[in-house]
Amino acid sequence: NTTENRPKTMAEPKGKKAKLSADQYDYLEGYGNLHLSEAIEGSVPRQQNTPQKCAKGLYAEQLNGTSFTTPRRDNQRSWMYRILPSVADHSQWERIQDDKYKLFTLPWVHSTPEQLRWMPLDEPKEPDSVDFLQGMVCWGGTGDAAMRAGFALFLYTANKNMEQSSFCSSDGDWLIVPWQGTHDIQTEFGKMLVQPGEICIIPRGIRFAVRKQGGEDLKGYVCELFDGHFTIPDLGPIGTTGLTDPRHFQVPVAAYDVSTDSQFTCYQKFNHTLWKYTRKATVFDVVGWHGNYYPSKYDLSKFCVINTVSWDHIDPSIFTVLTCQTLHPGVAAIDFVIFPPRWSVAENTFKPPFYHRNCMTEYMGLIKGQYEAKKAGFVPGGGSLHSLMAAHGPETAVYRAASTAKLQPERVAENSLAFMFESHYMLKLTDFSLNNKRDEGYITSAWKDFDVEFKDGK
C-alpha cells in the first residue's frame with residue numbers, strides 16, 4: 001500500500017463500547033476520498049491512467065459509478081489494474097431460475113397499510129447448505145431499477161461460504177447490516193471483516209464474495225438503493241462536528257488472487273432478475289487501484305449522537321448515518337437511521353419516541369438487545385413496518401412507565417442497537433414477507449388497553 005501508513009483503528013474515546021473481534025485486514029480511512037492502493041509497488045501509474053503497456057503486465061480497467069459528465073464534485077469512478085480484464089474468457093450469460101434462488105427473484109406485489117412485525121428467518125435445514133446468495137430472501141421493495149428510482153429490502157441467513165464465485169448488482173448500491181456472525185468479505189478492491197455493529201456498503205457493479213469467519217452462521221439485512229449512491233448527511237447548523245464522521249469509514253487495500261485454470265462463476269443481479277456467467281479465472285485479481293468509487297465499512301459505535309439538552313423528544317432524523325436524497329432536497333429515497341446507546345437528559349419530557357403518523361415509510365430492524373419503544377416481540381433479526389400514514393408509537397406498557405417515571409439523566413438503549421430504513425417511497429411486500437414469519441397479534445397486543453385520562457371540563 002503506497003498511501004501514507006495508517007493504523008487499522010484510531011484511539012477510542014473512553015466509555016462503554018461493544019467489543020469487536022480482532023480484524024486482520026488493513027484499511028484506508030475516509031469516505032468519498034480519492035484513494036490509491038497497491039498490493040505490489042509500482043502497479044498503479046502515477047501520471048496517466050491508460051499507458052500503452054501497464055506495469056507488471058497488468059490491464060487497466062475503469063469502473064464508473066456515475067456518468068462521464070456528472071459534475072466533478074459528484075463524479076465517482078476508479079481505475080483498477082488487474083491480471084486479466086473483466087471480459088476475458090467470458091461465457092454466455094444465463095438467467096437463473098433455479099429453486100435455490102427463487103425467493104431472491106420474487107417480485108414485490110402486495111400493498112397494505114397494516115402495521116406489521118416479523119420474527120427472524122428460520123435456520124437453514126441442513127448444515128453447510130446455503131451461502132450468502134442462496135440464503136437471500138427478498139422482503140419487499142418499490143420503484144424500478146431500470147428507472148433508477150426506489151429500493152429493495154432483503155434478509156439473509158448463510159451457513160456456508162461463497163467459493164469460486166462472486167456477486168454484484170447492476171441495480172443499485174448494497175448496504176449490508178449484519179446482526180449475527182463475522183462476515184469475511186472479499187471484493188475486487190480488497191478484503192473487509194464486517195461484524196454485527198458494523199455496516200458495509202458495496203456500490204453498484206462491484207463484485208464481492210461473503211464467507212464465514214468463525215463458527216456462527218451469517219445473518220443480516222440488506223437495503224439495495226436504486227437512486228444514486230449513499231452519502232453522509234449534511235450537518236447544517238450543527239456545524240462541522242457530529243453524527244457520521246467520514247474519517248471513520250474504512251476502505252480495503254488492494255489484495256489479489258491468482259487463479260487462471262479453474263472455473264469461476266460470476267452472479268449478477270440485473271433489472272430485478274439474477275444472471276450468471278463463467279470464466280477461467282477469478283475476478284479478485286486487482287493488484288492496484290485508485291479513485292473514489294469503492295466498497296467501505298463503518299463501525300456504528302463511532303456515530304456521534306446529537307440530542308436535546310433541554311426538552312422534547314427530537315425527530316429521529318438526528319440519528320441518520322447515511323442518506324440518499326431524491327431530487328427534492330430534504331426528501332430521502334433512503335435514510336439509514338440508528339438508535340444507539342446514549343444519554344437522555346430532557347426535562348418535563350416523554351422520553352420514548354412520540355406517537356406518530358408520517359409521510360414516510362419506516363422499516364425497522366434490530367441488531368442486538370431490546371428496542372426502547374418495544375419491550376416485547378421485537379427481537380434481533382426481526383423487523384417491523386409502519387407504512388406511510390400508519391399510526392405507530394410506544395406500546396401501552398412503555399407509555400405507562402415513561403409517563404410516570406422519575407425524570408433524571410439516564411442511559412437509554414444500553415446494550416441495544418436498533419436501526420431504520422426510512423423512505424418517502426411506499427414499500428410493497430413479496431408473497432414471502434406477507435405470508436411468513438408475521439407476528440399476527442402485533443396490532444392488537446402492542447397498543448391495547450390505553451386509559452382514557454381526559455377530564456371533560458375539569
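Side-chain atoms are counted along with the backbone in the values below, which use heavy atoms only and exclude waters and symmetry mates. The chain is numbered in sequence order, starting from 1.
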Lys297: which of His183, Glu198, Gln195 passes side-chain hydrogen bond (donor to acceptor under 3.5 Å, both in side chains): Glu198
Option among Asp431, Leu434, Thr430 that satisfies the side chain to side chain contact (heavy atoms under 4.5 Å, CB included) test with Val109: Asp431
Approximate separation, where rounding is to 0.5 Å, of Trp343 CH2 and Glu414 CD: 8.5 Å
Heavy-atom neighbours of Arg357 CZ exceed 12 at 6.0 Å: no
Residue pair Val258, Asp285: steps toward the side-chain contact (heavy atoms from CB on, under 4.5 Å) verdict: CA-CA 6 Å; Val258 178; Asp285 65 348; over 6 Å; no
Between His229 and Tyr293, ring centroids under 6.0 Å: yes
Spatial distance of atom OH (Tyr371) from atom CZ (Phe339) [nearest 0.5 Å]: 4.5 Å
Which residues share a side chain to side chain donor-acceptor pair (under 3.5 Å) with Asp439, sequence neighbours left out: Arg117
Heavy-atom pair with the smallest gap, counting every atom of Asp299 and Gly197: OD1-O, 3.7 Å
All ring pair (Phe, Tyr, Trp, His ring centres under 6.0 Å) counterparts of Phe249, not counting sequence neighbours: Tyr31, Tyr298
Parallel, tilted or perpendicular: rings of Trp93 and His90 (30°, 60°): tilted
Qualifying residues under salt bridge (charged side-chain N to carboxylate O under 4.0 Å, His left out), relative to Asp245, sequence neighbours excluded: Arg247
Residue list, ring pair (Phe, Tyr, Trp, His ring centres under 6.0 Å) with His356, at least two apart or on another chain: Phe354, His392
Ring centres under 6.0 angstrom apart (Tyr156, Trp139): no
Neighbour count above 12 (heavy atom, 6.0 Å) for Lys428 NZ: no
Closest contact, heavy atoms only, Gly181 versus Pro196: O-CD, 3.2 Å
Main-chain N/O of Gln76 paired with Thr66 side-chain donor or acceptor, under 3.5 Å: yes
Spacing of Leu28 atom CG and Gln250 atom CD [to the nearest 0.5 Å]: 10.0 Å
Non-hydrogen atoms of Ile367 and Pro380 that approach each other most closely: O-CB, 3.9 Å
Chi angles and distances behind the side-chain hydrogen bond (donor to acceptor under 3.5 Å, both in side chains) call for Asn358, Glu422: CA-CA 10 Å; Asn358 192 2; Glu422 184 174 54; 3.2 Å; yes
Ile176 to Pro178 - nearest heavy-atom pair and separation: O-CD, 3.5 Å
Side-chain donor/acceptor of Asn161 to backbone N/O of Glu163, under 3.5 Å: no
Tyr294 side chain to Arg77 backbone, donor-acceptor under 3.5 Å: no
Aromatic ring pairing Tyr399/Tyr355, orientation class (parallel under 30°, perpendicular over 60°, tilted between): tilted
Nearest heavy-atom neighbours spanning Gln115 and Tyr442: O-CD2, 3.7 Å
Pairing residues for Ser43 by the side chain to side chain contact (heavy atoms under 4.5 Å, CB included) criterion, not counting sequence neighbours: Glu38, Lys56, Leu58, Val287
Any side-chain heavy-atom pair of Glu224 and Ser169 under 4.5 Å: yes
Ring pair (Phe, Tyr, Trp, His ring centres under 6.0 Å) between Phe432 and Trp108, intermediate numbers included: CA-CA 9 Å; Phe432 186 93; Trp108 45 81; over 10 Å; no
Ring centers of Phe336, Phe421 separated by less than 6.0 Å: yes
OG on Ser384 to CD on Glu362, rounded to 0.5 Å: 8.5 Å
Pairwise distance CG(Leu121) to CE(Met136) - rounded to 0.5 angstrom: 10.0 Å
Let me have the donor-acceptor pairs involving side chains of residues 203-215, under 3.5 Å, with sequence neighbours excluded, atom names and distances please.
| from | atom 1 | to | atom 2 | distance (Å) |
| --- | --- | --- | --- | --- |
| Arg204 | NH1 | Ser170 | O | 2.9 |
| Arg204 | NH1 | Asp171 | O | 2.6 |
| Arg204 | NH2 | Phe226 | O | 3.0 |
| Arg207 | NE | Glu188 | OE1 | 3.4 |
| Arg207 | NH1 | Tyr277 | OH | 3.0 |
| Arg207 | NH2 | Ser86 | OG | 2.5 |
| Arg207 | NH2 | Glu188 | OE1 | 3.0 |
| Arg211 | NE | Met162 | O | 3.1 |
| Arg211 | NH1 | Gln186 | OE1 | 2.8 |
| Arg211 | NH2 | Gln186 | OE1 | 3.2 |
| Lys212 | NZ | Asn159 | O | 3.4 |
| Gln213 | NE2 | Asp184 | OD2 | 3.4 |

Mutual orientation of the aromatic rings belonging to Tyr221 and Phe419 [parallel < 30°, tilted 30-60°, perpendicular > 60°]: perpendicular
From CA spacing to verdict: side-chain contact (heavy atoms from CB on, under 4.5 Å), Lys351, Glu410: CA-CA 10 Å; Lys351 292 185 177 181; Glu410 61 179 330; 3.5 Å; yes
Neighbour count >12 (heavy atoms, 6.0 Å) for atom CE, Met426: no
Step-by-step side-chain hydrogen bond (donor to acceptor under 3.5 Å, both in side chains) determination, Ser317 to Asp315: CA-CA 5 Å; Ser317 49; Asp315 294 336; 4.9 Å; no
Criterion side-chain contact (heavy atoms from CB on, under 4.5 Å) on Gln325 and Asp335, from CA distance to verdict: CA-CA 8 Å; Gln325 299 290 291; Asp335 282 334; 4.2 Å; yes
Tyr256, OH: over 12 other non-hydrogen atoms inside 6.0 angstrom: no
Arg279 atom CZ, neighbour heavy-atom count above 12 within 6.0 Å: yes
Check: Trp179 and Leu417 side chains under 4.5 Å, non-hydrogen atoms: no
side-chain contact (heavy atoms from CB on, under 4.5 Å) assessment of Phe167 paired with Ile202: CA-CA 11 Å; Phe167 170 75; Ile202 311 285; over 6 Å; no
Note: Glu126-Lys160 ion pair, threshold 4.0 Å (strictly below): no
pair Ser416-Leu366: side-chain heavy atoms closer than 4.5 Å: yes
From CH2 (Trp289) to CG (Leu36), nearest 0.5 Å: 8.0 Å
Closest contact, heavy atoms only, Thr187 versus Pro252: OG1-CG, 4.2 Å
Note: Glu123-Lys219 ion pair, threshold 4.0 Å (strictly below): yes
